[in-house]
Amino acid sequence: MRFIVKVTSPFSDKYTGQPYTPGETIALNDEARVKDMARQNLAVLLSAKPKTTTKKHGKRVMVFHDLLYVIGGIETALYNLAKAYKDHNIKFVFNSMDSEQALRLAEYCEVELDDPSKKYETDVLILASYNCYPIIKGRVKADKIYQQVHADWAALKKMPLWNGYEWPVDKDVDRVLAVSDTAAKGLRTAFKKPIDSVVAPNILCPPEKQEFKVFLTLSRLTAEKGADLIVKMVQKFHEAGKSFLWIISATHLSLSKIDKALAKDKSVIFIEPSVDNLGLLSKVDYLVQLSQNESYCYSVHEALQVGTPVIGTNIPEIAKAVKQGENGYLVGQNLDGLDIEAIFNKKPEFAPISEKIDPVWEKVLEGKL
């Protein structure tokens, strides 16, 4: 199995109905399920391995870090290291780790949550943070130990929090690795005893094509506007393992079940309703309007007017404007027909659609009807 997770909250498997209790471990091959469990705080990741079965080469390298955050400079540095040297025999071990970041690393290298009772043996040990070695000292045997430094200590020590701090490099460390000339200079000048280092610059790999999408809803979060369908569609995107951001600018009841469900989701953000939010229409990938009924639906027409495709329910007024696969996608009122792969990988491109004013308005304004 590629993934091992530990249950943290009781739940029943949505596919098999099998109940799980806190402390149990589960072996899985489905990354989307692992992400979904972590997102709902049902389980934490213990270990993960990359998909590839290609044999790794080179010396055994273990990278140890105390805390892998959901975002951060060290986290990004480790990801780029894994990506650049994906064919090398590199393993990442963390005292604590965010599941999202860990899964991203596991695309390329093995990742493991540290077990305080476990001992390790490796050829090369890289310590990713200045203070992490005490956690694993005495439990790891390595031919070479390198200590990374990601900070400009000269600048840090000017701040009240770090003023007067002295950093003793552990005697086990063979070389200190500074991520830049600035970091290396800081090590020479920040402490009473200058610290020599070798500059091993941070790695920045070429970007890969992202299927990340940004969705926008400008509406009321009420039943007739399909608020419950938004919750279901968000869940289906997660189950499919997709990365996205859904922006909702809506008039809504802050204590409704819909709001509570969406507020817990890291891929959904609420912004206060404002006429200025119309400017977002041309900046997002899709407008989403999942109404149960409409007599016109301005947001759909305003989106098409600026060339932004629409995901909408297959009701008469929306179906008049949205042509399947041409300027958006239509779904049933129970989300039947939802083509997630098409939405994420075949975003329609089309010329902005303008609408002429009906001549009837001349008669209305002249009182000639």
Check [Y] with [X], please: is the shortest side-chain N to carboxylate O separation under 4.0 Å?
| X | Y | answer |
| --- | --- | --- |
| K236 | E239 | no |
| E211 | K242 | yes |
| E294 | K225 | yes |
| D172 | K137 | yes |
| K83 | E208 | yes |

Side-chain contact test, heavy atoms from C-beta onward, threshold under 4.5 Å: evaluate it for [X] versus [Y] and give yes or no.
| X | Y | value |
| --- | --- | --- |
| D265 | R39 | yes |
| Y79 | C109 | no |
| E302 | L278 | yes |
| S267 | L245 | no |
| I126 | F64 | no |
| Y146 | V198 | no |
| L177 | V199 | no |
| E326 | E349 | no |

Could you tell me whether [X] atom [atom1] has more than 12 heavy atoms of other residues or ligands within 6.0 Å of it?
| X | atom1 | answer |
| --- | --- | --- |
| I357 | CD1 | no |
| I71 | CD1 | no |
| E362 | CD | no |
| Y120 | OH | yes |
| K323 | NZ | yes |
| K185 | NZ | no |

- Task: Decide salt bridge (charged side-chain N to carboxylate O under 4.0 Å, His left out) for K59 and D143; before the verdict, give the C-alpha distance in whole Å, the side-chain angles of both, and the deciding distance to 0.1 Å.
- Result: CA-CA 10 Å; K59 292 192 173 184; D143 297 331; 5.8 Å; no

- Query: Is the ring centre of F244 less than 6.0 Å from the ring centre of H238?
  - Reply: yes

Do the side chain of [X] and the main chain of [Y] share a donor and acceptor less than 3.5 angstrom apart?
| X | Y | answer |
| --- | --- | --- |
| D174 | I145 | yes |
| N163 | M159 | no |
| T8 | L42 | yes |
| E24 | T21 | yes |
| D170 | V173 | no |
| T308 | L304 | no |
| N89 | H57 | no |
| R188 | P194 | no |
| H65 | L67 | yes |
| N277 | E272 | yes |

Do the side chains of [X] and [Y] join up, straight or via other hydrophobic residues, at under 4.5 Å, putting them in one cluster?
| X | Y | value |
| --- | --- | --- |
| V63 | V111 | yes |
| V214 | L218 | yes |
| L103 | I26 | yes |
| L46 | V70 | no |

Can you tell me how far apart [atom1] ([X]) and [atom2] ([Y]) are? Round to the nearest 0.5 Å.
| X | Y | atom1 | atom2 | answer |
| --- | --- | --- | --- | --- |
| Y130 | W167 | OH | CH2 | 9.5 Å |
| C297 | I315 | SG | CD1 | 7.0 Å |
| Y165 | F191 | OH | CZ | 6.5 Å |

- Query: Should K213 and I343 be marked as a side chain to side chain contact (heavy atoms under 4.5 Å, CB included) after you check the CA-CA gap, both sets of side-chain angles, and the distance that decides it?
  - Reply: CA-CA 9 Å; K213 290 290 181 284; I343 288 171; 5.6 Å; no

Looking at every heavy atom in both [X] and [Y], which two are closest together, and how far apart are they?
| X | Y | answer |
| --- | --- | --- |
| V179 | A183 | N-CB, 4.1 Å |
| T313 | L330 | O-CD2, 3.9 Å |
| V310 | A303 | CG2-CB, 3.8 Å |
| L68 | L105 | CD2-CD1, 4.2 Å |
| Q289 | S299 | OE1-OG, 3.4 Å |
| Q147 | S129 | NE2-O, 2.9 Å |

- Once the angle between the rings of F215 and Y286 is folded into 0 to 90°, is it parallel (under 30°), tilted (30 to 60°) or perpendicular (over 60°)? parallel

- Check the angle between the aromatic planes of Y296 and Y298 and answer parallel, tilted or perpendicular using the 30° and 60° thresholds. perpendicular

- Query: Do D36 and Q235 pass the side-chain hydrogen bond (donor to acceptor under 3.5 Å, both in side chains) test, and can you show the C-alpha distance, the side-chain angles, and the key distance before you say yes or no?
  - Reply: CA-CA 9 Å; D36 199 35; Q235 179 64 29; 3.2 Å; yes

- Task: For the residue pair T217 and W246, confirm or rule out a side-chain donor-acceptor distance under 3.5 Å.
- Result: yes

- Identified salt bridge (charged side-chain N to carboxylate O under 4.0 Å, His left out) counterpart of E166 within the set K192, K193, K157: K157

- Please walk me through it: do V61 and K91 pass side chain to side chain contact (heavy atoms under 4.5 Å, CB included)? CA-CA 6 Å; V61 178; K91 178 180 181 177; over 6 Å; no

- Message: Apply salt bridge (charged side-chain N to carboxylate O under 4.0 Å, His left out) to residues K51 and E107 and explain how you reach the verdict.
- Response: CA-CA 7 Å; K51 290 179 183 178; E107 293 179 30; over 6 Å; no

- Task: Might you work through the salt bridge (charged side-chain N to carboxylate O under 4.0 Å, His left out) test for K144 and D123, ending with a clear yes or no?
- Result: CA-CA 6 Å; K144 283 281 187 178; D123 297 316; over 6 Å; no

- Task: Begin with the C-alpha distance, continue with both residues' side-chain angles, and end with the deciding distance and a verdict on side chain to side chain contact (heavy atoms under 4.5 Å, CB included) for D114 and R139.
- Result: CA-CA 11 Å; D114 180 35; R139 294 193 289 121; 2.7 Å; yes

- Query: Given E112 and K49, is the salt bridge (charged side-chain N to carboxylate O under 4.0 Å, His left out) satisfied, shown in steps?
  - Reply: CA-CA 9 Å; E112 182 179 313; K49 295 181 180 180; over 6 Å; no

- Kindly determine whether D66 and F94 satisfy side chain to side chain contact (heavy atoms under 4.5 Å, CB included), including the steps that lead there. CA-CA 6 Å; D66 56 341; F94 301 101; over 6 Å; no

